[in-house]
Peer 1: 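Mind having a look at this structure? Questions to follow.
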Amino acid sequence: MSDTVLCPKCQSEFTYEQDDMMVCSQCFNEWKPGETADEDKILDAHGHELQNGDSVVVIKDLPVRGAPKPVKAGTKVKNIRLRPGNDHNIDCKIDGFGSMALKSEFVKKA
Ligand SMILES: [Zn+2]
C-alpha cells in the first residue's frame, strides 16, 4: 500500500515529511497530518457524516484509471478510511479493484 500523501492545497503527490509536518514541494504548503480531522467532516451524498470503518454504497458508476470497467453503482464498500482535506477523501478496498480512493459525494452510508 502506498503512503503517498497528497497536498491538500494543490493535490500534488510530491510531498515529504519534515519533523511532524508535511511539506509540499510544489506549492510549499505546510500542514499537520490529521490536524483537520475534526473540522473537516466528511459527508456522504445525503449529508450524513461518515466515520472510519463505516460501510458505504457507491451511488453511481465510477470510472477507474487503469481498470477495464467502472466500479458499479450499488457496490458495497466496507471499512472505509477517511482522508480529510483530500479531493478523493475516502480510502478503501474494493473487491476486484484493490485499494482505491473515492469521493464521499459519490457514496452513501450503508
Ligand atoms: Zn501543494
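Starting from 1, each residue takes its place in the sequence as its number. Hydrogens, waters and symmetry mates play no part in the numbers below; they use all other heavy atoms, side chains included. Counting convention: from 1, in listed order, for ligands and their atoms alike. Treat the numbers as computed from the prediction; the structure is a model and nothing was measured.
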Peer 1: Run the salt-bridge test on Asp61 and Lys72 with the 4.0 Å N-O cut-off and return the result as yes or no.
Peer 2: yes

Peer 1: So which protein N/O/S atoms does the Zn ion (ligand 1) have within less than 2.8 Å?
Peer 2: Cys7 SG, Cys10 SG, Cys24 SG, Cys27 SG

Peer 1: Please round to the nearest 0.5 Å and tell me the distance separating atom CE of Met22 and atom CD of Glu30.
Peer 2: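 Rounded to the nearest 0.5 Å, the CE-CD separation comes out at 11.0 Å.
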
Peer 1: Could you walk me through whether Asn89 and Ser104 satisfy the side-chain hydrogen bond (donor to acceptor under 3.5 Å, both in side chains) test, starting with their C-alpha distance in whole Å, then the side-chain angles of each, then the deciding distance to 0.1 Å, before giving a yes or no?
Peer 2: CA-CA 6 Å; Asn89 49 11; Ser104 60; 3.1 Å; yes

Peer 1: Can Arg83 and Asp91 be counted as an ion pair, charged N to O under 4.0 angstrom?
Peer 2: yes

Peer 1: Taking everything shown except Gln11 itself, do over 12 heavy atoms lie less than 6.0 Å from its CD?
Peer 2: yes

Peer 1: Taking a hydrophobic cluster as the set of Ile, Leu, Val, Met, Phe, Trp and Tyr residues connected by side-chain heavy atoms closer than 4.5 Å, whether directly or through intermediates, do Ile90 and Val64 fall within one such cluster?
Peer 2: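 Shared cluster, yes.
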
